[in-house]
Amino acid sequence: MDEKTTTDRTLKYLSLMAREYPTIPTVCSEIINLQAICNLPKATEHFLSDIHGEHVAFLHVINNASGAIRDKIESVFCNSFSERERSALAALIYYPEEKMDELRNSGENMEDFYRVTLHRLILICRGITSKYSRSKVRKALPKDFAYVIDELLHTHYVDQDKMMYYERIIASIIALDRAEDFIIELCSLIKRMAVDHLHIVGDIFDRGPHPDVILDRLIEHHSVDIQWGNHDVMWMGAASGSAVCVATALKTSLQYDALDMIENAYGINLLPLALFANEYYGDVDCSVFTPRNMPREHYMPKDRTLYARMHKAMFIIQLKLEGQLLARHPEYNMPDRDMLNRINYDDMTITIDGVKHELLDKEFPTVDRNNPNQLTEGEQLLMEHLVNAFENSDKLQKHVRFIYSAGSIYLCYNGNLLFHGCVPLNEDGSYMEFEFGGKKLAGKEFLDYAQGIARDAMFAPEGSEARANGRDFMWFLWCGRNSPIFGRKNITTFERALVADKNTHKEPKNAYYSYCDKEEFALKILNDFGLNEGYSTIVNGHIPVKAKAGEDPMKANGRRVVIDGGFCRAYQSQTGIAGYTMFFSSKRLRIVEYEPYNTLDSCFANNDIYTRDVMVKTLPQRMLVGDTDTGMALKERIADLEALLDAYRTGLVKES
């Protein structure tokens, strides 16, 4: 591009900016404003991973901001009133409506409660919003009370007249019977300002009962991103119309008691599956497929035999569809995972690593030994119904489109690298190559490619080859050999269901997990993703940290953090805890450990979910907004405004 073209384009851009800033004073005012914002402390980021449908625990962690709200209460009121009162105030902030109902039913003098509580909440709110610009706080204020809250936050006690003004506002709120609404809005504002940005490092779905509740809350969140986990991409594939992902999602839901979500949250009718299972599996032994848990909801059937039949029916369909997919995609290099074609149907055994194993279940009435992966007519009709139901579930589509829009395979954010699984490696530590589309791809380049193909599954034109390829690729990301989200050689679903020898159940990890605990290797990965700050950290989930065995979430001399500590109950027996969360503030990076959390009762008894700091990495100097990704964008904006100011002063652009 020649110099004249560059100058013309620059002038055109400055002229467009001049519409928003038509005079020298307006430009100067905005430069001053942006420079001031750059010198504010960096806002707090909150990291969670591997939530796995545990909606009750998730909602509490969001409400208590991993202990940040309790910390603020302690710093403001540590010498003002008792520890029990501080705990009660924390519970109120987490669950204001429920806590006030409890107090009202206990005979509490509510007028005294309102007056004292409003004063306390204003002090907490003042402290927690102090690091933000007044403009940002105003934008977060609830519409109905915005003016009043703004006044209360900026009233100073030194002036006696202002003090009287403050007291009269509080008295008027109570007199007008708006105290409870006002308290609810203040509590929401405190929670909103305690965390500026939320990171979900993968695996919202599966295991726990209600990922749908979690996604409803995330959609409402003011600022959130998601790094796709392997369980997430499987559901994304199902919602996009991948039959094999639909079968996998249903098989997992049957195994872990998530049918309430399937039928009542997502409106997917499972009666055809139940009828099919009874017709084709009614006279065969399905005991191997008895689900781990039965439905807790009183309105759901408790028939173990029925659920075992449904589970087995979906398992066989899943195996057939996987075999068909692997035949379509030799580039996945997984012919050994075509499990139905590996069975010796004469003696119902399978040979794995040279060892013959007898199958635990030997009755497969819908499998043709001469063409094991062919669906029967009944299976084909059933899958057409189920795929159509997934594609036409409004709520599921809303949730999955949100995961696409807010999500990615990896994210570089404020100097940190976030991804759920791994960057696939060879045994010698070099980046593993994958050949797709006639290209050999590795490292960051492969992750970028995979992210694009994953989006094709939902957004490429319907009926196109790209869309079909994308749908299949979602299965590869879910459980494919050395997939960057799965990070293992094999998923042993077949072996765990049908082979007694537990040695066959092992799922060898990618070599990434052998190298990533070394500081020099973590630094190499960070550098290859363009991150070389002194505090830059890899943030992973996916592999639970076995805290009870002495494992530490901090790896590679502080350059890698694993925050999967057993949020999901299914993993807590392995980890000994109920998960980790991480905070990244302007001063430090902090990891918090949780004990199991089941109900609100302990919170209302003024016993918050137990947390303890297991690691604190203090930054050498306080991080400002100007040091963040947002700050970099603001500095670019300031440079553009300075160019516009110069253009005004030289006459290149005329003031309006």
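- Looking at Asp203, its side chain never comes within 3.5 Å of a backbone N or O of Ile51 through a donor-acceptor pair.
- In this structure, Ser430 contributes its side chain and Asn426 its backbone to no donor-acceptor pair below 3.5 Å.
- Under the 3.5 Å distance criterion, the side-chain polar atoms of Tyr404 are left unmatched by any main-chain donor or acceptor of His399.
- The shortest side-chain heavy-atom distance between Phe486 and Phe476 does not fall under the 4.5 Å cut-off.
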Worksheet item: When you look at Tyr413 and His197, which way does the ring-ring contact (aromatic ring centres under 6.0 Å, His included) test go after all the steps?
Response: CA-CA 11 Å; Tyr413 195 97; His197 188 81; 4.7 Å; yes
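- For the salt bridge (charged side-chain N to carboxylate O under 4.0 Å, His left out) test, residues two or more places apart in sequence or in another chain that qualify with Glu74 are Arg70, Arg86.
- The side-chain heavy atoms of Met17 and Arg637, taken from C-beta on, include a pair separated by under 4.5 Å.
- Asn557 contributes atom CG, which lies 11.5 Å from atom CG of Asp517 (distance to the nearest 0.5 angstrom).
- Among residue pairs with one or both ends in residues 429-457, those qualifying as salt bridge (Lys or Arg N to Asp or Glu O under 4.0 Å) are Lys444-Asp448; sequence neighbours excluded.
- Counting only distance, with no hydrogens or angles, the side chain of Thr537 and the backbone of Tyr535 share a donor-acceptor pair below 3.5 Å.
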Practice prompt. Evaluate the criterion side chain to side chain contact (heavy atoms under 4.5 Å, CB included) for residue pair Phe584 and Met623; output intermediate values, then yes/no.
Written response: CA-CA 10 Å; Phe584 183 29; Met623 193 170 175; 3.7 Å; yes
Discussion item. With ring-ring contact (aromatic ring centres under 6.0 Å, His included) as the criterion, how do Phe434 and Tyr449 come out once you've worked through the C-alpha distance, each side chain's angles and the decisive distance to 0.1 Å?
Written reply: CA-CA 10 Å; Phe434 296 80; Tyr449 170 85; 9.7 Å; no
Item to complete: Test Leu411 against Leu417 for side chain to side chain contact (heavy atoms under 4.5 Å, CB included), laying out the working first.
Response: CA-CA 6 Å; Leu411 179 68; Leu417 174 61; over 6 Å; no
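- Note on residues 216-236: pairs passing salt bridge (Lys or Arg N to Asp or Glu O under 4.0 Å), not counting sequence neighbours, are Asp216-Lys395.
- Here CG of Leu425 is found 6.0 Å from CD1 of Ile525. Values are rounded to the nearest 0.5 Å.
- Ile169 CD1 to Met164 CE: the interatomic distance, rounded to the nearest 0.5 Å, is 12.5 Å.
- Between Asp71 and Arg590, some side-chain heavy-atom pair lies under the 4.5 Å cut-off.
- Side-chain contact between Ile183 and Leu92 is present, with at least one heavy-atom pair separated by less than 4.5 Å.
- Rounding to the nearest 0.5 Å gives a distance of 9.5 Å between CG of Asn63 and CZ of Phe58.
- Residues Ile591 and Phe583 form no side-chain contact, since every pair of their non-hydrogen atoms from C-beta on lies 4.5 Å or further apart.
- Residue pairs satisfying the salt bridge (Lys or Arg N to Asp or Glu O under 4.0 Å) criterion with at least one member in residues 399-419, sequence neighbours excluded, are absent.
- Across Leu189 and Ala140, no two heavy atoms sit closer than the pair CD1-O, 3.8 Å.
- With Asn540 contributing its side chain and Val562 its backbone, the two residues share no donor-acceptor pair below 3.5 Å.
- Ser29 contributes no side-chain N or O that, together with a main-chain N or O of Pro25, makes up a donor-acceptor pair within less than 3.5 Å.
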Item to complete: Output, in order, the C-alpha distance, side-chain angles, deciding distance and verdict of side chain to side chain donor-acceptor pair (under 3.5 Å) for Tyr166 and Glu151.
Response: CA-CA 8 Å; Tyr166 180 96; Glu151 286 292 296; over 6 Å; no
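- Using a distance-only test at 3.5 Å, with no hydrogens or angles considered, a donor-acceptor pair links the side chain of Ser536 to the main chain of Gly415.
- Residues satisfying the salt bridge (charged side-chain N to carboxylate O under 4.0 Å, His left out) criterion with Arg588, sequence neighbours excluded, are absent altogether.
- In this structure His542 satisfies the ring pair (Phe, Tyr, Trp, His ring centres under 6.0 Å) test together with His420, sequence neighbours excluded.
- Applying the salt bridge (charged side-chain N to carboxylate O under 4.0 Å, His left out) rule to Lys555 yields the partners Glu551; only residues at least two apart in sequence or on another chain are considered.
- There is a side-chain donor-acceptor pair under 3.5 Å between Glu45 and His199.
- Ring orientation note: the planes of Phe205 and Trp235 are close to parallel, at an angle under 30° on the 30°/60° scale.
- Under a 3.5 Å cut-off, the side chain of Arg126 and the backbone N or O of Leu153 do form a donor-acceptor pair.
- For residues 136-147, the set of pairs meeting the salt bridge (Lys or Arg N to Asp or Glu O under 4.0 Å) definition, not counting sequence neighbours, comprises Lys136-Asp196, Arg138-Asp150.
- Less than 6.0 angstrom separates the ring centroid of Phe473 from the ring centroid of Phe436.
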Practice prompt. Show your reasoning for whether side chain to side chain donor-acceptor pair (under 3.5 Å) applies to Tyr431 and Asp528.
Written response: CA-CA 11 Å; Tyr431 287 131; Asp528 289 348; 2.7 Å; yes
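- In this structure, CZ on Arg192 lies 11.0 Å from SG on Cys125, to the nearest 0.5 angstrom.
- Using a 4.5 Å heavy-atom threshold, the side chains of Ile538 and Phe419 count as touching.
- Among residues two or more places apart in sequence or in another chain, the ring pair (Phe, Tyr, Trp, His ring centres under 6.0 Å) test is passed with Phe521 by Tyr515.
- Counting heavy atoms from C-beta outward, Leu447 and Phe529 have side chains that approach closer than 4.5 Å.
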Practice prompt. Give the intermediate values and the outcome of salt bridge (charged side-chain N to carboxylate O under 4.0 Å, His left out) for residues Arg471 and Glu391.
Written response: CA-CA 12 Å; Arg471 286 170 173 165; Glu391 289 183 306; 3.3 Å; yes
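- Judged by distance alone, with hydrogens and angles left aside, the side-chain atoms of Lys191 form a donor-acceptor pair with the main-chain N or O of Tyr94 at under 3.5 Å.
- Every residue meeting the ring pair (Phe, Tyr, Trp, His ring centres under 6.0 Å) condition with His55, not counting sequence neighbours, appears here in chain and number order: His210.
- Distance alone, capped at 3.5 Å, places no donor-acceptor pair between the Arg560 side chain and the Val539 backbone.
- Aromatic ring orientation, Tyr95 versus His60: parallel (interplanar angle below 30°, classes split at 30° and 60°).
- Two residues are said to be in side-chain contact when any heavy atoms from C-beta on lie closer than 4.5 Å; Val625 and Pro41 fail this criterion.
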Practice prompt. List the steps, then state whether salt bridge (charged side-chain N to carboxylate O under 4.0 Å, His left out) holds for Arg622 with Asp627.
Written response: CA-CA 10 Å; Arg622 191 167 200 182; Asp627 303 317; over 6 Å; no
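- Counting only residues at least two apart or in different chains, side-chain hydrogen bond (donor to acceptor under 3.5 Å, both in side chains) contacts with residues 638-656 comprise Tyr13-Asp640.
- Contacts of Glu180 classified as salt bridge (charged side-chain N to carboxylate O under 4.0 Å, His left out), with partners at least two apart in sequence or in another chain: Arg104.
- We find the CD-CG distance between Glu20 and Leu641 to be 8.5 Å, quoted to the nearest 0.5 Å.
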